[in-house]
Enquirer: 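My questions will all concern the structure given below.
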Amino acid sequence: MRAWRWAAVGAAVCWASAAHAEPETWSLAEALDVVENRCMTESELAANVRLWLGRPSVDRRIQIVVDQLDEDSLRFVLSRDGKPSAERRFHTSDVSCVDLRAAVALAIALAIDATVMQAILEPVPEAPAPPAPKPSPAPARPPAKSRPALPPAPPEERVMLEVDAQVLALVGVLPEPVLGASIGAAAPLGDSWHLRVSGWGTAARSVSVGAGSSETAMVAGQASLCLDDSSLRACAGGAAGRWSAEGRGFARDRTTNLPWAALVADLGVSLPLAELVAAAARIHGYFPVVRPVLEERAPRGQVLSTREPPPAGLGVSAGLAVGFR
């Protein structure tokens, strides 16, 4: 009977000792799990954490996983009893491995201490809310002073006139390709629309007609309505002028002027060079409605041969455009 009593007392003492025993610990190297990191191993990181923490082991319920997220970032997650308790992330691109190990070790040590502190602290009971103060009568507010109205922003200055001068090459407008020059001006009609007028002329070009030839040149004026879109400008309109033809090598040489008129479509692009100066280039399409014909006639008036341009022509021009406000 006495033996039974002594056994019961011994069991109670052992239970009490186990209840008040220190929690089980393990080494920092065992608590750390470093996953594929180029700057540190578990043993290197554990040595650094030990320097900051001041002890070689931690509560066995604590585990730290260090993970390389990508080439420029790293993180560790500290868990207690299998539940994440703290997470920290680090930029690694501009830090040496030695400094990175020291910084990560310090952060782990602080997180371990914070986790232990959180586990043993008891919550502080909330203090009773103080009684609400009696509302005091609000002082009379002086009438708000009216702020002076800000002056309106000055309107943005627009370019009111644009003048351009360009070198012109024509194919299919005269019977032979020819070079010329043009000068034009454009004025705005709205936010995106412009009215453009221009005049151009060509050098004389020898055109063979039967047994002789004709020194042929032309001058014309053009008016177009243009739509602007950023640096692009598309135009459509009409042009009218005349051919000047001087016969050579015929039985009877004559000089004549022949009317010419066409519908015109343009597409232009500009490249700014200064505040109001830009380089400009254009492609022109000509669709004649009045097309001159050069003829070789016999003394009695019979037509021996003719020469005329194709039913559509093409022009390319390039030069400078200057804006005026």
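Numbers for residues simply follow the sequence, beginning at 1.
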Enquirer: With a 4.5 Å limit on heavy-atom distance, are the side chains of Trp243 and Leu174 in contact?
Expert: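 The answer is yes, as the side chains (C-beta and beyond) meet within the 4.5 Å cut-off.
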Enquirer: Are there more than 12 heavy atoms of other residues, nucleotides or ligands under 6.0 Å from atom CG of Leu232?
Expert: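 Atom CG in Leu232 is packed in, count exceeds 12.
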Enquirer: How about CG on Asp94, more than 12 heavy atoms from neighbouring residues, nucleotides or ligands closer than 6.0 Å, or not?
Expert: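 Not more than 12 within 6.0 Å, no.
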Enquirer: Just by modelled atom types, is the Gly210 backbone N or O under 3.5 Å from a matching donor or acceptor in the Ser305 side chain?
Expert: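 Such a contact is found between Ser305 side chain and Gly210 backbone.
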Enquirer: For the OG1 atom of Thr202 and the CG atom of Leu170, what is their distance to the nearest 0.5 Å?
Expert: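 If I round to the nearest 0.5 Å, the distance is 7.0 Å.
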Enquirer: Could you check if a side-chain atom of Glu42 sits within less than 4.5 angstrom of a side-chain atom of Glu30, using non-hydrogen atoms only?
Expert: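 Glu42 vs Glu30: side chains apart.
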Enquirer: Please walk me through it: do Gln222 and Ser224 pass side chain to side chain donor-acceptor pair (under 3.5 Å)?
Expert: CA-CA 7 Å; Gln222 178 176 329; Ser224 301; 3.3 Å; yes
Enquirer: When you group the ILVMFWY residues by side-chain heavy-atom contacts below 4.5 Å and let the links chain together, are Val173 and Leu258 in the same group?
Expert: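 Yes, Leu258 and Val173 fall within the same hydrophobic cluster.
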Enquirer: Would you check if His284 and Leu267 make a side-chain contact, meaning some heavy-atom pair closer than 4.5 Å?
Expert: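 A side-chain contact is absent here, since even the closest heavy-atom pair is not under 4.5 Å.
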Enquirer: When you measure from the side chain of Arg307 to the backbone N and O of Ser208, does any donor-acceptor pair fall under 3.5 Å?
Expert: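 It does hold such a pair.
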Enquirer: Side chains of Asp72 and His91: is there a donor and an acceptor less than 3.5 Å apart?
Expert: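 No - no donor-acceptor pair under 3.5 Å links their side chains.
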Enquirer: Report the C-alpha separation of Glu162 and Arg233 in whole Å, then their side-chain angles, then the decisive distance to 0.1 Å, and conclude whether the salt bridge (charged side-chain N to carboxylate O under 4.0 Å, His left out) test is met.
Expert: CA-CA 13 Å; Glu162 180 183 289; Arg233 177 177 293 177; 3.2 Å; yes
Enquirer: Which pair of heavy atoms, one from Ala262 and one from Pro288, lies closest together, and at what distance?
Expert: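 Distance-wise, the nearest heavy atoms are CB-CA, 3.5 Å.
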Enquirer: Under 3.5 Å, is there a donor-acceptor pair between the side chain of Asp67 and the main chain of Leu69?
Expert: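 Looks like no, no N/O pair under 3.5 Å.
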Enquirer: Using salt bridge (charged side-chain N to carboxylate O under 4.0 Å, His left out) as the criterion, list what pairs up with Glu295, not counting sequence neighbours.
Expert: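 Per chain and number, Glu295 pairs via salt bridge (charged side-chain N to carboxylate O under 4.0 Å, His left out) with Arg297.
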Enquirer: Is there a side-chain contact between Arg205 and Pro177 in this structure, where contact means two heavy atoms from C-beta onward sitting under 4.5 Å apart?
Expert: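 SC-SC contact between Arg205 and Pro177 confirmed.
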Enquirer: Hey, any chance Val171 and Trp260 share a hydrophobic cluster, counting ILVMFWY side chains that come within less than 4.5 Å of each other, even indirectly?
Expert: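 Unlinked, Val171 and Trp260 end up in two clusters.
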Enquirer: Not counting sequence neighbours, which residues clear salt bridge (charged side-chain N to carboxylate O under 4.0 Å, His left out) with Glu71? List them please.
Expert: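 Glu71: no salt bridge (charged side-chain N to carboxylate O under 4.0 Å, His left out) contacts found.
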Enquirer: Are any of the side-chain heavy atoms of Ile108 and Leu32 separated by less than 4.5 Å?
Expert: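 Heavy-atom side-chain distance check passes, below 4.5 Å.
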Enquirer: Who are the salt bridge (charged side-chain N to carboxylate O under 4.0 Å, His left out) partners of Asp33, not counting sequence neighbours?
Expert: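 Result, salt bridge (charged side-chain N to carboxylate O under 4.0 Å, His left out) vs Asp33: none returned.
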Enquirer: Do Trp52 and Leu110 share a hydrophobic cluster (ILVMFWY, side-chain heavy atoms under 4.5 Å, transitive)?
Expert: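 Yes.
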Enquirer: Got Asp81 and Ile62 here, is their nearest side-chain heavy-atom distance under 4.5 Å?
Expert: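 Counting from C-beta outward, Asp81 and Ile62 never come under 4.5 Å.
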Enquirer: In the single-linkage hydrophobic clustering (I, L, V, M, F, W, Y; side-chain heavy atoms under 4.5 Å), do Leu314 and Val178 co-cluster?
Expert: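 Different hydrophobic clusters.
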Enquirer: Determine, step by step, whether Asp164 and Arg196 satisfy the side-chain contact (heavy atoms from CB on, under 4.5 Å) criterion, reporting the C-alpha distance in whole Å, the side-chain angles of both residues, the deciding distance to 0.1 Å, and the verdict.
Expert: CA-CA 10 Å; Asp164 63 83; Arg196 184 174 188 274; 2.9 Å; yes
Enquirer: Are Phe90 and Arg75 packed together at the side-chain level, in the sense that at least one heavy-atom pair is separated by less than 4.5 angstrom?
Expert: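 Phe90 vs Arg75: side chains apart.
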Enquirer: Taking it one step at a time, do Gln166 and Trp200 satisfy side-chain contact (heavy atoms from CB on, under 4.5 Å)?
Expert: CA-CA 9 Å; Gln166 300 185 0; Trp200 43 272; over 6 Å; no
Enquirer: Restricting to side-chain contact (heavy atoms from CB on, under 4.5 Å), what partner residues turn up for Leu189, sequence neighbours left out?
Expert: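 side-chain contact (heavy atoms from CB on, under 4.5 Å) list for Leu189, sorted by chain: Trp193, Leu195, Leu225.
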Enquirer: Taking the side chain as C-beta and beyond, is there a heavy-atom pair between Gln68 and Met40 under 4.5 Å?
Expert: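 No. Closest side-chain heavy atoms not under 4.5 Å.
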Enquirer: Determine all donor-acceptor pairs shorter than 3.5 Å in which one atom belongs to a side chain in residues 97-107; sequence neighbours excluded.
Expert:
from, atom 1, to, atom 2, distance (Å)
Asp99, OD2, Ser96, OG, 3.2
Arg101, NH1, Cys39, O, 2.6

Enquirer: Over all heavy atoms of both residues, which pair between Arg80 and Asp59 is shortest? Give the atoms and the distance, please.
Expert: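 Minimum heavy-atom separation between Arg80 and Asp59: NH2-OD2, 3.6 Å.
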Enquirer: Share the residues that join Val77 in a hydrophobic cluster, the rule being Ile, Leu, Val, Met, Phe, Trp or Tyr side chains under 4.5 Å apart at the heavy-atom level.
Expert: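 Listed partners: none, Val77 stands alone.
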Enquirer: Name the one of Val293, Leu294, Thr216, Thr306 that satisfies side chain to side chain contact (heavy atoms under 4.5 Å, CB included) with Val209?
Expert: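 Considering Val293, Leu294, Thr216, Thr306, a side chain to side chain contact (heavy atoms under 4.5 Å, CB included) with Val209 is found only for Leu294.
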